[in-house]
Amino acid sequence: MSFGKGHHLHLIDGSAFIFRAYHALPPLTRKTDGLPVGAVAGFCNMLWKYIEDSRGNDAPTHAAVVFDHSAKTFRNDLYADYKANRPDPPDDLRPQFPLTRDATRAFNVACLEIKDFEADDIIGALACRAREAGGKVTIISSDKDLMQLVGDGVEMLDPIKNKRIGRDEVFEKFGVYPEKVTDVQALAGDSVDNVPGAPGIGIKTAAQLINEFGDLESLLARADEIKQPKRRQTLIDHADNIRVSKQLVTLDCESAPDLTLESLEVAEPDHKQLLDFLSEMQFRTLANRVAERFRLGPPAIIDAPAAPPAAAEAAPPPVLPPIDPASYVTITDLDALAPWLAAIGQEGAVALDLQLDRLDELQAGLTGVAISPGVGLGAYIPTGHLGGGDGLFADRAADQLSPEAALDALRPMLEDPAIVKIGHDIKRDAKYLARHGIALAPVADVMLMSYAMSAGAQGHGLDELSEGNLGHRRAPLKEVLGSGRNALTFARLAPDVATRPAAEEAEMIWRLWQNFRPRLPAAGVTAVYETLERPLIPVLAAMEREGVSIDPARLNRMSGDFAQKLAGIEDDVFRLAGQRFNIGSPKQLGEILFSQMGMTGGRKSGKTGALSTGADVLEDLAGEGHELPQRVLDWRLISKLKATYTDALQTYVNPDSGRVHTSYQIAGATTGRLASTEPNLQNIPIRTEEGRRIREAFVAPPGKRLISLDYSQIELRLLAHVADIPALKQAFREGIDIHTMTASQMFGVPIDKMDRETRNRAKAINFGVIYGISGFGLARNLKIPRAEAQAFIDTYFERFPEIRAYMDNTVAEAKRNGYVSTMFGRRIHTPGIALNGPAQAGARRQAINAPIQGAAADIIRRAMIRMPDALEGLQARMLLQVHDELVFEAPEAEVDELIARARKVMEGAAEPVVRLSVPLVVEGGAGGSWAEAH
DNA sequence: CAGCTCACG
DNA sequence: GACGTACGTGAGCTGG
């Protein structure tokens, strides 16, 4: 996430934490080996309390704990005795220093220290950079040496007194405001740090002098004007020391080497990593508290002599043995399963891959379960393989557990909160298991980890991930199953033959997880994965299982009506064309219109160079008075509705539930949007009157209502915020119609005299901007000459110059990084930006659009993730998402309450990570059908 | 299986 | 001056 406006950086003075912890706690030692750990324990408690306290409003988006690296710094070159009278740290504290760094990393907080620099310098440099970037900074420390940084978005927080330190508090302490603090310190000196200053002058006198003379240099220059003789002489005698003191106390924003704010993004702690560390330290109380917070069982802490402490240097990634499918085990009875379950419990994690006998998890049977709890480990539990016999009469293969027996044995592990279940697209597995009453949790998903790291750069299929990250290419399943009409299904394989490919998948997943885990924080997308991807899995699984009720009789009736209409249109078309042909064939239609009937205006389309018969072409022809193209348009409209909707939708009704269950792809669209498949319920018609009627077939069951809530103009609002366009922001705040406002600004028409046509033009331009506008595109959309469209765009940029700046900056960011980011940190890669010509132009438009479309997607994801808790106690259920709309089903009596609660969640979904400068507005409605609710 | 067309935000 | 273009999707149909 690039750091900027709306972000909030917390900088924690780690050294202060350590010393305070050391002195506050008795000298604790680790039971097993006597390692002193009192300061580490206190440090961990403080860090945990800090993390807990900083949740909620105004939470940091970025954070780091900053440490002093070594005793000697560049200040010793300025003044040899700097901090010379500071005693060495106690012997039992020194070995704890590296452990506090380990602790910081275990909490998944960035840990900073730089050779030759004091923590204060690093904090100063980062605070300056964050301030320049337009963000907020909170320094968690009470060190007076940091007070010079306060102001202009930077404040301090005294962690002991839990008191904010702003400009006024600094004035209280020093008698001057922050910008003069170093002047006062230079005069007063500091006995603790051995800063000389001027003898006999303390803070009070120094402040008085500075306030009188304005600043230090003026004071030294005009020292002879001081009335008190002794004081005058002191200043004159010690001028050099005073100047050196000023250098010593001044934090230099520029001096610290390259530090990026981006990498300091806040992330949830990795539960296992943190609990492992706390267990290793044997901090039982805190470990239990942490486990409770994460709703995990109490961690096992072994007090017996433990493994030697980890080496200080990070080990290079281990060279893994190649994947060896020959080593996998087939499990056919519960006794054989037991040691695997024990190993999984020990490991706290397992890669899991269910083999299902069809794509639809809600109707599939279980062919087998593959598990891998580590490198080189893989087992397959066949449960649904077929033996002799054919087709419907196939027998179950002998020597395998029943699905029920296998799942009963696995259930405690699958639901164990201390065991992470890792999958590739694990929503599928979760959906299947939910049918058996198994609540799979907690889960991890390598597909989503890849999506968080590299959306837009590559696909996230298991084979692609394995080849790219593990260098492992598995044998194509076709080699085992065959292909074509005689291909076997997986269930047709003999169980022991199935073990290899099934367990291999599980081990690939395991290895990918190991591979990706450290890379998420390195890429700065841990927060994206942890807050926008992973928590969405159970939410979507529940929505998909819920399904939506449709009225098949109504669809069937509509299909009949459409068939009649189509027959009538076909007669007209054939009469007008003078022959029968396939109206659905663009090729035949083009031939008839342009070659046989001699109409002009045909365009070559796409790669094939075929004559285009798209709707825009046919509309043009119809406008010229040709009857045939209009009838073809009529035919296409009805034909589309019948084939894609009224006919097809009926086939998706699940026989068990009587409802339609779509599947959402979390990693489908590069921008963060969801995609809906089988069936796609995100493109149900609404724009035409006839299409709209299809929504009448999406109904609420008796006694219930469908409720639709949608964000109004969310993308334009986000554009106004992210591009910082005052005119747009103001219009949104005042609730003015945004297209009317734009039209008024552009064309000089007063708002109350606005006509449809002018407003529509402005509307097209507003949308065009979101898409990375071009004169050509706007001209085509508005059917106006290109020059005129370009003139509109020029006027737009003149009226709203911030848009141009946003576009330029975003494209520059894409060129620099190869990706752009949403305000929530989602990254969308735009590799085409490195190309030339049209391909680059395309990538530029993509780069301009992605942060806006992506932010809207992030916001509705956040709303969806919060929705289950918000609807607690209601029978209302969330059923569908259509990019900026959520559809619910609720008992009639709950409708008002549901709308109130869901609207609140949706309108506040950006908070607290992003405080938008425009309001989000959600509109809602309810009815017996989706058509009525909308 | 690619290309065209068209449904949605 | 010519490229070729609005951003993001999924599905049904044709025809090689």
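Below, each value reflects all heavy atoms present in this structure, side chains not excepted, and no hydrogens, waters or symmetry copies. Letters A, B, ... are given to chains in the order of the sequence lines, protein chains preceding strands, and every chain is numbered from 1.
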Practice task
Quick one: label A:Gln853 by what it contacts on the DNA or RNA (base, sugar-phosphate, nothing), any heavy atom closer than 4.0 Å.
Solution key: base
Fill in the blank from the handout: Ranking B:dC6, C:dA11, B:dC8 by distance to the side chain of A:Ile686, first place goes to B:dC8
Practice task
May I ask you to say what A:Arg844 touches in the nucleic acid, namely base, sugar-phosphate or nothing, with a heavy-atom cut-off under 4.0 Å?
Solution key: nothing
Practice task
Write down the distance separating the C1' atoms in B:dA7 and C:dG4, rounded off to the nearest Å.
Solution key: 25 Å
Problem - Any A:Arg845 side-chain N or O less than 4.0 Å from OP1/OP2 of C:dA6 - result: no
Exercise for the section: Please state whether the phosphate of B:dT5, meaning OP1 or OP2, lies under 4.0 angstrom from any side-chain nitrogen or oxygen of A:Thr613. Expected result: yes
Practice task
Tell whether A:Gln682 reaches the base of B:dC8 with its side chain through a donor-acceptor pair below 3.5 angstrom.
Solution key: no
Handout entry: Complementary nucleotide for C:dA2 - Watson-Crick or wobble, under 3.5 Å
Key = none
Exercise for the section: Examine C:dC13: is either OP1 or OP2 under 4.0 Å from a nitrogen or oxygen in the side chain of A:Lys587? Give yes or no. Expected result: no
Practice task
Give a yes/no on whether any side-chain N or O of A:Arg673 is located under 4.0 angstrom from OP1 or OP2 of C:dG8.
Solution key: no
Exercise for the section: Would you tell me if any nitrogen or oxygen in the side chain of A:Ser585 comes within less than 4.0 Å of OP1 or OP2 on C:dC13? Expected result: no
Handout entry: A:Gln840 vs C:dT5: side-chain N/O to OP1/OP2 distance below 4.0 Å
Key = no
Exercise for the section: Would you indicate what A:Asn582 reaches in the nucleic acid, counting non-hydrogen atoms under 4.0 angstrom: base, sugar-phosphate, or nothing? Expected result: sugar-phosphate
Practice task
Taking atom P in both B:dC4 and C:dT5, compute the distance separating them and give it to the nearest angstrom.
Solution key: 11 Å
Exercise for the section: Please state the P separation for the pair B:dT5 and C:dA6 - nearest whole angstrom. Expected result: 13 Å
Exercise for the section: Would you indicate, yes or no, if C:dG15 has its OP1 or OP2 atom less than 4.0 angstrom from a side-chain nitrogen or oxygen of A:Gln588? Expected result: yes
Practice task
Looking at every strand, decide which applies to A:Ala675 at a 4.0 Å heavy-atom threshold: base, sugar-phosphate, or nothing.
Solution key: sugar-phosphate
Handout entry: Donor-acceptor pair present, A:Arg687 side chain and B:dG9 base, under 3.5 Å
Key = yes
